[in-house]
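Report on one structure; see the data block that follows.
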Amino acid sequence: MTAKYKPNSIETKWQQYWEEQRTFYTREDSDAPKFYMLEMFPYPSGRLHMGHVRNYSIGDVVARYKLKCGYNVMHPFGWDAFGLPAENAAIERGVHPAGWTYSNIKDMRGQLQKLGLGYDWDREIATCHPEYYRWEQQIFLRAFEKGLVYRKKALVNWSEKMQTVLANEQVIDGVDYRYGLPVVQKELTQWFFKTTAYAEQLLDGIDNELDENWPKRVVLEQRSRIGKSHGAKVVFTLEEEIDGETELPVFTTRPDTLWGVTFMSLAAEHPMALKLAAGTDKDTEVNAFVQKVLAEDKRKRGSEDYEKQGVFTGRYCVNPVNGTRVPVYVANFVLMDYGTGAVMAVPAHDQRDFEFAKKYDLPIKVVIHPDENSSLDAATMESAYTEDGVQVNSEQFDGMNNRDAIEKIADYLAEKGWGGKTINYRLRDWCVSRQRYWGAPIPVIYCDKCDVVPVPEDQLPVMLPENVKFEAEGGSPLAKCEEFVHTTCPKCGGPARRETDTFDTFMESSWYQLRYASPRYTDGPVDPAAIEKWLPVDQYIGGIEHAVGHLMYSRFYHRLMQDLGYFPKSVSSEPFKKLLTQGMVCKETRYTLDENGNPKWHTDDDIDENGNSRINGEKVLTGRVEKMSKSKYNGVDPEAIMARYGVDSARLFVLFASPPENDLVWKDEGVDGVHRFLSRVWNMVQQRKEALVAAASFTGSPDSLSAAGKELHKLTHQTIMGVTGDVDGRFHFNTAIAKCMEFMNVISKFTPAAGNDADASVQKDAVLALVNLLSVFAPHVCEEMWQQLGQEGSISTVPWPSYDEDAVKESTITIAIQVMGKMRGTVEAPAGCSKDEMEKLAFAHDNIQKHIEGKTVRKVIVVPGKLVNIVAN
RNA sequence: GCCAGGGUGGCGGAAUUGGUAGACGCAAGGGACUUAAAAUCCCUCGAGCUAUUGCUUGUACGGGUUCGAUUCCCGUCCCUGGUACCA
């Protein structure tokens, strides 16, 4: 009788051991090559979910593997600790955000340690700590000095009821999430980073460094967010000077249609919209229209069924190329934050302009014909012609291919001083002001005399005051905190007010990967020497939901800090060298239907043994596989799984069930499966322990082995090769684990030939290799088995096994034989068998003879070591 | 609409360069052990024929290239994600 596999005590034992031995702490004195492994840090919600388990298990495999390969691994962990849930908890339960957050961190840290994840806890950071956010304030001020930060008015979602600004996700169909009352658009002066100044650099970074190493999808989304587009600026002149303005510039990608312009459309937010109408008989109408459009929320304006509307301003402008007078409209579909907020309208060649012209009965003028032989008639057109063609009605450009005309006309504009080629980006500047409490205060003071005054660096950090009240209504707690707001002006010493907005929490997550390199540095946000040593992150892992937001801001911030001189230009300009985006963890949903036919979701525990609901007695139905969520009740608590199967089984399952980038479907039976596998390995080790310990490692020639011994020897090396290939760079942990299972299946059937020491040695090497390979996936049980097998030290620091090139070679190969491309049999042949011999063996095969009988052999294709295909008819 | 990715057994998934489709696991069925059950072990497992060695068919669908296609090309359908008045 041997001891059963009982994971829990083994797991506690080795977690303690790793912590005592500081196994996964970075070695600062090491001269081994560095490897910086990072997973996206979590928001400390208080409880770990399966998505975390998956993300951090994947990262842990990579970190452990790299450590075993001899790298000096840095694998830090921290907390993205500012954010809205803490404030909600404060409002709902009266607990202070700080206390709530720190206690959540404590709980989650405990859970992570129970998962056996190898982190360097000395580097732990929490972004809500003043020693973290003080540097963020400094970076902001230095960027401000350099002109990379500025203030401007921007629209926010404003709730009258709550007297506060809401995030986009707190606004549902124009009403707030809490009371369901209307949310209006309000203009506030807010702080912005000039991310647009880095648009071209961010694109270059993708081209030069990320294209090959980041998932295609992410690269694509980043590119489209930057949205570079080549076009031309065209300056239209106003008929008369209005409020000091004489020009109305537009951006167009189609300067070839310039002669087809029949009107102009301005965004409702365009600074000239109201000014143009002032003094005309359209004044009231335009005012009303602009008011109406501005009141509509962003979501509605972006929706598909939003009706295109516009109104004439009563003014005209002049097309520089032909002096044509065109009416200026205000249109609700023109975006202020793309291009110049003004669009030259060419109804014949743009669908929106076409519909607009039809609706308001504006002229349509064709300037491109499909080709020389076909023409378009403005009077009978049913939609805009947006394809390529030949220029007409365009004076000296007539007859030219429009693609060429785009270039030529842009050059012509430049020559005449009417505009010229230009590049436009979709990327917008980053608004970092948030009207919230639980964030880093923006370090600025407003003085009646001196206007905007940055807080002097030696007065940082601007601490978040603790003594504030949290209420659902009545606005920002910071703005109501008198002792925070009232201050003196650093310039003139007079009374002044502090900025009460805090930073967007993307600010903290934009540079945490830099802070980890020197987490306790007190002379600045980062120690340049540490950055030079550790950056960039060699492997970054996280959710696809951050494909643009976080990853774009971090890339920007990295360059910004580099430009501000925080670390040298010799460091890569990209923070994350390689990126892996892991899929979601999903599970079947279970539900019953209520009297209205709406689903009511159930947890597995709500269901009795007959498949009925314990709540309402109804038959429970199985719904779609969906992302685990609280609302669908299909979540699985990691703690419960760990208690039932052990950590190693939980980890092994999430790694085995599907490749990391795919969504993973959670199945308890699947965990049973991997648990069974670990038990089989465990039992095998228990049963053969004495023989394994007694045997020596295999050193002799394979000739001394039994036939089965030879096979096992070969398979050992093949498995090492295969698993290494799967793990290294490819992250195909599912196939790596499958190979270990196959290996185990062979080992379990193997018995050393009686009296054959070489066989016993090969068995020992096989088991040691298996335990070593598996140790990156299921570390605790492997540590224990390693020790039981009489091995020195911790498997976590034992080198990853290597394989012998000669040992993996097959002595005989199976050759596939086809007739006319169809499989008709296989034959065994010695390795390195010549083409002629292969052909001979193929023809000697009974079944092959049957298939070629009475036919003429036209051709024989021989792929060495693989197959023979006989073409006969 | 546009862009991208995908579609392989009952299920999750393998097949790294065009060369034996379905590794490994789950589920299912059968058997051994047991008084019995659990656990464990062994066997079967794409579909259809067939007496067993065999044959036909099969990687969403329709074509093509090739001695040979899950893999390459063209077209169609469906799914998933991103994006959407971007001038």
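Labels below follow one simple rule: chain letters A, B, ... track the order of the sequence lines, proteins then strands, and each chain is numbered from 1.
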Qualifying residues under side-chain hydrogen bond (donor to acceptor under 3.5 Å, both in side chains), relative to A/His270, sequence neighbours excluded | none
Separation of atom CE in A/Met820 from atom P in B/rU56, rounded to whole Å | 13 Å
Whole Å only: how far is the CG atom of A/Leu266 from the P atom of B/rA87?
-> 18 Å
Is there a side-chain contact (heavy atoms from CB on, under 4.5 Å) between A/Asp663 and A/Ser658 once you walk through the steps?
-> CA-CA 7 Å; A/Asp663 283 351; A/Ser658 121; over 6 Å; no
Step by step, work out the ring-ring contact (aromatic ring centres under 6.0 Å, His included) result for A/Phe653 and A/His675.
-> CA-CA 8 Å; A/Phe653 173 72; A/His675 185 75; over 10 Å; no
Expressed in whole Å, how much space separates the P atoms belonging to B/rC72 and B/rU16?
-> 11 Å
side-chain contact (heavy atoms from CB on, under 4.5 Å) involving A/Ala405 - partner list, sequence neighbours excluded = A/Asp256, A/Gln391, A/Met400, A/Ile409
All N/O donor-acceptor pairs, side-chain side in residues 211-219 of chain A, below 3.5 Å, sequence neighbours left out:
from	atom 1	to	atom 2	distance (Å)
A/Asp211	OD2	A/Arg223	NH2	3.1
A/Asn213	ND2	A/Glu209	O	3.2
A/Trp214	NE1	A/Phe576	O	3.0

Go through the steps to decide whether A/Leu655 and A/Ile58 satisfy the test side-chain contact (heavy atoms from CB on, under 4.5 Å), and finish with yes or no.
-> CA-CA 7 Å; A/Leu655 295 166; A/Ile58 294 168; 4.0 Å; yes
C1' spacing across the pair B/rU76 / B/rU83, given as an integer number of angstrom = 25 Å
Between A/Asn847 and A/Val548, the residue closer to the 5' end of RNA chain B by nearest nucleotide is A/Asn847
Answer with yes or no whether A/Arg352 presents, from its side chain, a donor or acceptor under 3.5 Å of a partner atom in the base of B/rC85.
-> no
Under-4.0 Å side-chain N/O to phosphate OP1/OP2 contact, A/Arg824 with B/rC55 = yes
Report the residues that fulfil side-chain hydrogen bond (donor to acceptor under 3.5 Å, both in side chains) with A/Asp350, sequence neighbours left out, ordered by chain and then residue number.
-> A/Arg352
Can we say A/Lys358 and A/Asp353 salt-bridge, meaning some charged N sits less than 4.0 Å from an Asp/Glu carboxylate O?
-> no
Could you measure between the two C1' atoms, the one in B/rU8 and the one in B/rU53, and give it in whole Å?
-> 29 Å
Between A/Lys228 (NZ) and B/rC86 (C1'), how many Å, whole number?
-> 16 Å
Is the phosphate of B/rA87, meaning OP1 or OP2, less than 4.0 Å from a side-chain N or O of A/His349?
-> no
Scan residues 742-751 of chain A for pairs that pass salt bridge (Lys or Arg N to Asp or Glu O under 4.0 Å), counting only residues two or more places apart or in two chains.
-> none
In terms of ring plane angle, is the pair A/Phe356 and A/Tyr360 parallel, tilted or perpendicular, where the classes change at 30° and 60°?
-> tilted
Give every pair of a protein N or O atom and an N or O atom of nucleotides 1-4 of chain B that lie under 3.5 Å apart, one pair per line with the distance.
none

When you compare B/rA23 with B/rA15, how far apart are their C1' atoms, in angstrom units rounded to a whole number?
-> 8 Å
Pairs meeting criterion ring-ring contact (aromatic ring centres under 6.0 Å, His included) with involvement of residues 835-870 of chain A, two or more places apart | none
P-based separation of B/rG25 from B/rU34 [nearest Å] = 27 Å
Taken to the nearest whole Å, CD/A/Glu588 to C1'/B/rA27 is 12 Å
Base, sugar-phosphate alone, or nothing: which one does A/His675 contact when heavy atoms must sit under 4.0 Å apart?
-> nothing
For A/Gln351, enumerate each residue passing the side-chain hydrogen bond (donor to acceptor under 3.5 Å, both in side chains) test, keeping only those at least two apart in sequence or located in another chain.
-> A/Glu355
Once you round it to whole Å, what is the distance between P of B/rG82 and CZ of A/Arg426?
-> 16 Å
Got a salt bridge between A/Glu810 and A/Lys714, using NZ or NE/NH1/NH2 to carboxylate O under 4.0 Å?
-> yes
Rounded to whole angstrom units, what separation is found between the CD atom of A/Glu626 and the P atom of B/rG81?
-> 10 Å
Review item, nucleotides 57-60 of chain B N/O atoms under 3.5 Å of protein N/O:
from	atom 1	to	atom 2	distance (Å)
B/rU57	OP2	A/Lys822	NZ	2.8

If the glycosidic angle is within 90 degrees of 0 it's syn, otherwise anti, so just tell me which one B/rG9 is.
-> syn
From CG of A/Asn332 across to P of B/rC86 the rounded distance in Å is 13 Å
Encode nucleotides 6-26 of chain B as B, S and - characters from 5' to 3', where the letter depends on protein heavy atoms closer than 4.0 Å: B to the base, S only to sugar-phosphate, - to neither.
-> -----SSSSSB--BBS-BBSS
Within residues 852-867 of chain A or reaching into it, pairs that qualify as salt bridge (Lys or Arg N to Asp or Glu O under 4.0 Å) - sequence neighbours excluded = none
Interatomic distance, A/Ile226 CD1 vs B/rU83 C1' [rounded to whole Å] = 15 Å
Considering only atom P, compute the distance from B/rC11 to B/rG46 and round it to an integer number of Å.
-> 13 Å
Euclidean distance for C1', B/rU59 against B/rU20 (whole angstrom) | 15 Å
Expressed in whole Å, how much space separates the P atoms belonging to B/rU57 and B/rA4?
-> 36 Å
Can you say whether the rings of A/Tyr5 and A/Trp682 are parallel (under 30°), tilted (30 to 60°) or perpendicular (over 60°)?
-> tilted
Taking only Lys NZ, Arg NE, NH1 and NH2, and the carboxylate oxygens of Asp or Glu, determine whether A/Glu588 and A/Arg624 approach each other closer than 4.0 Å.
-> no
Listing for RNA chain B: consecutive Watson-Crick or G-U pair runs of at least 3, distance cutoff 3.5 Å, ranges ordered by first number, gives B:1-7 with B:77-83, B:10-12 with B:24-26, B:28-32 with B:40-44, B:46-49 with B:54-57, B:60-64 with B:72-76
